[in-house]
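Below is one structure, written out as structure tokens, with a few remarks after it.
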Amino acid sequence: MKEKITVIIAAAGSGERAKLNKNKILEDLGGVSVIRRTFDAFSSSGLIDEYIVAAKREEIPVIKPLLPDFVKFAVGGATRTESVKNALNLTTGEIVLIHDGARPFVSKTVISNCMESAIKHGSGVAAIPTRDTVAESSETPKYLGKKGLLLIQTPQAFKTAKIKAAYEKAGDKVFNDDGEVYLNSFGTLNFADGDKDNIKLTYPEDFNFNANKETRFGTGFDCHRLVENRKLILGGVEIPFEKGLLGHSDADALTHAIMDAVLSACAMRDIGFWFPDSDEKYKGADSMKLLAEVLRITGEKGFKAESVSAVIMAEKPKLSKYIPAITERLANALCVAPDKVGVSATTLEGLGFVGREEGICVHANAVVVKR
Ligand code: CTP
Ligand code: MG
């Protein structure tokens, strides 16, 4: 029989250290609140049957509309211990995962690690080994070392009956977390693998980094006529062929499509707008220099291209042996690893103007991040 799984999301704090002048779980992270992101992490895991959010009484009307109707609410207390205790009273699952509302980046793997450990051993507390040495700061400082020392995260999963009993026994004493409450009662506790990305948003800088990061997607297309007495340049690489692409600049259709994809992701018009072909300055221009310019103007607005993908439509020449050189050149220009640049080539089976070898077309996509 599959156990019923409940998650308790503790959201009744004040977020004082975050200095946002409001409860940090209400902060907007790229258009979605922290509490909604945390909920979504559990919901998308597909592992949870019941959701309970512990919230301050006066904040329930604010948080409720951010979450689906089936989420239950428990009234939070003055301490996290108290908030969790109130939520445990509403818990009907056999297994309960207790999680900080301020940890929106928890993965399905971590959720599942904790849950499996609780099913097997009674408890499963997400933890990671400390990378840095830990010392106690006091008048007489003491080194605790790092070997065998863990940094404790959430979720902290338990057999519900056991953690409820442990909380009963704890009375009004305040504990660091649920694992400590459990340990206090049973003298034993199991850890499960957490991960380093599962951070608890705590200080102002945790929010600056995340709140401003926004991923954008862009698409670009270019097409040039194939003529004699021109070089064939694609992605900044000269390709030996009896014909080349005709254009005002060097007619590097691949680089042009990528520039348009990046500009489009940033909603910053297109290359025709920035480099008009009526301008003599761009006659015969090296498109790789134009790409550098596109990266500079988009960079000024806080954008960074993270990956690009393009398909070159050409009947001839065969391009496959040039793809590694093209990929490397573009990756260098974009300041990304070569495995972030996907370039493919295809013929059009003799169809249309590409099929008649009259021209070459390129369709490109770009993923751009705004910080
Ligand atoms: N929490 C809670 N009830 C409390 C205190 C905290 O449910 N009385 C929740 C917080 O909302 C948070 C989690 O416990 O999601 C972890 O606590 P912490 O990071 O300390 O959050 P805050 O107490 O809100 O922040 P601060 O300590 O900076 O005020
Ligand atoms: Mg706190």
Side-chain angles (χ1 to χ4, degrees), residues 6-29 32-43 48 50-67 71-91 96-107 110-111 114 125-128 150-158 160 163-164 166-167 170-182 194-211:
T6 300
V7 63
I8 290 174
I9 300 177
S14 317
E16 263 159 45
R17 286 169 290 174
K19 295 192 171 67
L20 293 165
N21 294 320
K22 64 175 171 194
N23 186 352
K24 61 190 177 184
I25 59 101
L26 293 170
E27 181 67 353
D28 183 290
L29 287 190
V32 184
S33 62
V34 172
I35 186 71
R36 177 71 204 213
R37 282 184 184 268
T38 303
F39 167 84
D40 287 346
F42 283 90
S43 166
I48 308 297
E50 179 179 58
Y51 296 83
I52 303 172
V53 170
K56 282 187 193 149
R57 189 183 295 281
E58 65 274 21
E59 279 181 353
I60 294 179
V62 185
I63 299 174
K64 218 174 181 346
L66 302 175
L67 300 171
V71 173
K72 298 177 189 168
F73 280 81
V75 177
T79 61
R80 185 183 179 284
T81 310
E82 229 179 282
S83 300
V84 170
K85 207 171 180 177
N86 293 346
L88 279 172
N89 286 333
L90 300 182
T91 301
V96 62
L97 286 86
I98 303 168
H99 187 71
D100 294 328
R103 284 187 202 267
F105 309 121
V106 60
S107 68
V110 171
I111 294 169
C114 296
V125 169
I128 53 170
L150 295 175
L151 302 176
I152 307 298
Q153 306 181 332
T154 70
Q156 306 197 347
F158 307 93
T160 307
I163 190 70
K164 271 189 175 172
Y167 264 95
D172 290 336
K173 234 176 119 190
V174 173
F175 288 85
N176 281 301
D177 62 14
D178 322 294
E180 200 184 12
V181 171
Y182 188 93
D195 83 40
K196 67 169 177 29
D197 295 332
N198 183 23
I199 62 159
K200 178 155 68 70
L201 299 171
T202 305
Y203 297 105
E205 59 269 27
D206 299 337
F207 293 82
N208 289 342
F209 172 74
N210 292 294

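Just follow the structure's listing: the first ligand is 1, and inside any ligand the first atom is 1. Residues: numbered from 1 along the sequence shown. Heavy atoms only: backbone and side chains are in, while hydrogens, waters and symmetry mates are out.
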Self-check item: Identity and separation of the nearest protein heavy atom to atom 7 (O) of ligand 1
Solution: Ala12 N, 2.9 Å

Quiz prompt | Proximity of Glu82 to ligand 1 by residue part, where a heavy atom lies under 4.0 Å | solution = neither

Quiz item: Side chains of Lys56 and Ser14: is there a donor and an acceptor less than 3.5 Å apart?
Solution: yes

Quiz item: Does Asn23 use its side chain to pair, donor to acceptor, with the backbone of Gly13 at less than 3.5 Å?
Solution: yes

Practice problem: Could you tell me if the ring centre of Tyr51 sits under 6.0 Å from that of Phe42? | Solution: no

Self-check item: Under 3.5 Å donor-acceptor, Thr38 side chain and Val34 backbone
Solution: yes

Practice problem: Tell me which protein heavy atom sits closest to atom 14 (O) of ligand 1, plus the residue, atom name and distance to 0.1 Å. | Solution: Arg80 CD, 3.6 Å

Quiz item: To the nearest 0.1 Å, how far is atom 12 (C) of ligand 1 from its closest protein heavy atom, and which atom is that?
Solution: Ala10 O, 3.7 Å

Practice problem: Find all atoms of ligand 1 within a distance of less than 4.0 Å from any non-hydrogen atom belonging to Ala102, and give their numbers and elements. | Solution: 15 (O)

Practice problem: Write out the residue and atom name of the closest protein heavy atom to atom 13 (C) of ligand 1, then the distance separating them to 0.1 Å. | Solution: Asp100 OD1, 3.4 Å

Practice problem: Using a 4.0 Å heavy-atom threshold (strictly under), name the region of Ser83 that reaches ligand 1: side chain, backbone, both or neither. | Solution: side chain

Exercise. Return the minimal non-hydrogen interatomic distance between Lys24 and Ala18, and the atom names on each side.
Key: CB-CB, 4.1 Å

Quiz item: Looking at Gly101, which atoms of ligand 1 are within less than 4.0 Å of one of its heavy atoms?
Solution: 15 (O)

Quiz item: When you measure from atom 24 (O) of ligand 1 to every protein heavy atom, which one gives the shortest distance, and what is it?
Solution: Gly15 N, 2.7 Å

Self-check item: Numbered atoms and elements of ligand 1 in range of Ala11, under 4.0 angstrom, heavy atoms
Solution: 7 (O), 11 (O)

Self-check item: Candidate with minimal heavy-atom separation from atom 20 (O) of ligand 1, of Glu16, His99, Lys19, Arg17
Solution: Arg17

Self-check item: Close side-chain approach of Leu29 and Phe105, heavy atoms under 4.5 Å
Solution: yes

Quiz prompt | Cationic N near anionic O, under 4.0 Å, Asp206 to Lys200 | solution = no

Exercise. Give the contacting part of Arg103 toward ligand 1: side chain, backbone, both or neither, where contact means a heavy-atom distance below 4.0 Å.
Key: neither

Quiz prompt | Shortest protein contact, atom 21 (O) of ligand 1 (heavy atom only) | solution = Lys24 NZ, 3.1 Å

Quiz item: Any idea which heavy atoms bring Asn198 and Arg103 closest together, and the distance?
Solution: O-NH1, 2.9 Å

Quiz prompt | Identity and distance of the protein heavy atom lying nearest atom 23 (O) of ligand 1 | solution = Gly13 CA, 4.0 Å

Quiz item: What are the atoms of ligand 1, with element, lying closer than 4.0 Å to any heavy atom of Ala78?
Solution: 8 (N)

